[in-house]
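I have placed the structure first, in the form of structure tokens, so that the comments after it can refer back to it.
Since we're looking at a predicted model, the values are computed, not measured. First the proteins, then the strands, lettered A, B, ... as listed; each starts at 1.
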There are 2 protein chains.
Amino acid sequence: MQSRSKHLPADQRRDVTVEAVVELAAEHNPSNITTAAIAKHMNVTQGALFRHFPSKDAIWQAVMEWVAERLLTRVDKAAKAAATPLAALEAMFLTHIEFVSAYPGVPRMLFGELQHSGESAPKRMARTLLRRYGERLEGWIEKGKAAGEIDPSVDTAAARQLFIGAVQGLVMQSLIAGESATMRDRVPGVFAIYRRGIEVRS
Amino acid sequence: MQSRSKHLPADQRRDVTVEAVVELAAEHNPSNITTAAIAKHMNVTQGALFRHFPSKDAIWQAVMEWVAERLLTRVDKAAKAAATPLAALEAMFLTHIEFVSAYPGVPRMLFGELQHSGESAPKRMARTLLRRYGERLEGWIEKGKAAGEIDPSVDTAAARQLFIGAVQGLVMQSLIAGESATMRDRVPGVFAIYRRGIEVRS
DNA sequence: CAAAAGATAGTAATTGATTACTATCTTAGG
DNA sequence: CCTAAGATAGTAATCAATTACTATCTTTTG
């Protein structure tokens, strides 16, 4: 029984910190999340954060690592369980939406990092995540063409980009509406159009 | 001849300020654009800005007004000149991409404003712009259905959202690549899939 | 029609608040 | 009992906003 213990081992404290940032990003502009706000949200003083992270940038780096690992693991698992390539794409789509529904701060952080000028570790991580995600998408699209599910005349790179854009569009809508419930309701309709756009015509 | 005059009429100075912000947003995270940076970019002192705007928020409000007016005017004009509803959608798509190509800071500002928690005048303006844009889209989609160009089974709201997402996806890609040239090259491929997704099957 | 008077626009310096980060002291817990 | 984790109390830098003052344009009037 050490549940309410104030002192945590360093690695646990780092995990808690990352979670705090993810939670805060759900409601605040990532650029405006201060170390003081992070510390307050996890019931620790601001200075304590710097016992476990050398800089604020290092915190963001850890957060981006967390996001990349979780998101890719989930969509990979979902895609693998699907029967066909097109079903894998749909599974990735649904899983991705589920993920950003559970962690509404994630797309905001991703987009926020990409917006920064210059180079930084978190920005590199965000870019790497999107590249790896795109590679998976293109893989399934090519498999779909080989399987005769996806029209071979479809531009693979364009299909990848529209897929990501479709998710983005849903996220943006929920940013405006302020609720993720409506986002999930709209998923089938959006994916139906996307599917129609790439699948072979019977 | 008063071209290099340091003193500008208030309305002209406000216009110059808005242009400065738009230009700065092309290269910097909107959240990190300071009043000092704006002032420096237009060769005035920081305090001078507050002679023409009551607050920094008021500057952003003016910027969002500028964006809304310019973008909607352009896409409306392009859509009107098109021969059919589907052609109007394509014209809007191309015009929108041209616009964000010319002003790369615009989508960053829009997204940045929407990310802010709470209510603010600039955020309301961003939301209004997106609503009005969406209304136009849905109008053309419905017209397309009536004209027999667009499949009546297509979910209009979903089609609107995917349209905006398609633009978003292209913009995000250019944020990663850091150049807008590649974005324009990818436009035809992306719109082709979208078009396929909504048009009636022959 | 020019010079005084007033209005408008901009400067330079400063404010209090907030930021990331740090130095030093305290305490929990194996 | 000693060391890792946290508290306390700072720092220097940066931010939006304001101040007192100056420069420049515009209008009025003798």
Protein-nucleotides 10-14 of chain C N/O pairs closer than 3.5 Å?
from: C:dG10; atom 1: OP1; to: B:K6; atom 2: O; distance (Å): 3.2
from: C:dG10; atom 1: OP1; to: B:L8; atom 2: N; distance (Å): 3.4
from: C:dG10; atom 1: OP1; to: B:R13; atom 2: NE; distance (Å): 2.7
from: C:dG10; atom 1: OP1; to: B:R13; atom 2: NH2; distance (Å): 2.6
from: C:dG10; atom 1: OP2; to: B:H52; atom 2: NE2; distance (Å): 2.6
from: C:dG10; atom 1: N7; to: B:R51; atom 2: NE; distance (Å): 3.3
from: C:dG10; atom 1: O6; to: B:R51; atom 2: NH2; distance (Å): 3.4
from: C:dT11; atom 1: OP1; to: B:K6; atom 2: NZ; distance (Å): 3.4
from: C:dT11; atom 1: OP2; to: B:T45; atom 2: N; distance (Å): 2.7
from: C:dT11; atom 1: OP2; to: B:T45; atom 2: OG1; distance (Å): 2.8

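One can place NZ of B:K40 at 16 Å from C1' of D:dC15, the figure rounded to the nearest angstrom. In this structure, NZ of A:K56 is placed 4 Å from P of C:dA20, rounded to the nearest angstrom. When rounded to the nearest whole Å, the span between CZ of A:R14 and P of D:dA4 equals 13 Å. Following rounding to the nearest Å, A:I59 (CD1) and C:dA20 (P) show an atom-to-atom distance of 9 Å. As a whole-Å value, the separation of A:F53 CZ from D:dG6 P is 12 Å. Atom C1' of nucleotide D:dA17 and atom CG of B:D57 are separated by 13 Å, given to the nearest angstrom. A:H28 has its NE2 atom 12 Å from the P atom of C:dT19, to the nearest Å. Look at CZ on A:F50: it is 19 Å from P on D:dA9, rounded to the nearest Å.
For the residue pair A:S31 / B:N32, no side-chain donor-acceptor distance below 3.5 Å is found, with atom types taken as modelled.
Every pair passing ring-ring contact (aromatic ring centres under 6.0 Å, His included) that includes a residue from residues 180-200 of chain B is listed here, sequence neighbours excluded: B:F93-B:F191, B:F163-B:Y194, B:F191-B:Y194. For the side-chain hydrogen bond (donor to acceptor under 3.5 Å, both in side chains) condition, the pairs that include at least one residue of residues 66-79 of chain B, sequence neighbours left out, are B:R70-B:Y103, B:D76-B:R136. Pairs of residues two or more places apart, or lying in two chains, that qualify as salt bridge (charged side-chain N to carboxylate O under 4.0 Å, His left out) and include a residue from residues 137-156 of chain A are A:E138-A:R160, A:D151-B:R196. Screening residues 104-125 of chain B for side-chain hydrogen bond (donor to acceptor under 3.5 Å, both in side chains) gives B:E119-B:R127 as the qualifying pairs, with residues at least two apart or on separate chains.
Under the rule for a ring-ring contact (aromatic ring centres under 6.0 Å, His included), the partners of B:F111 that lie at least two apart in sequence or sit in another chain are A:F111.
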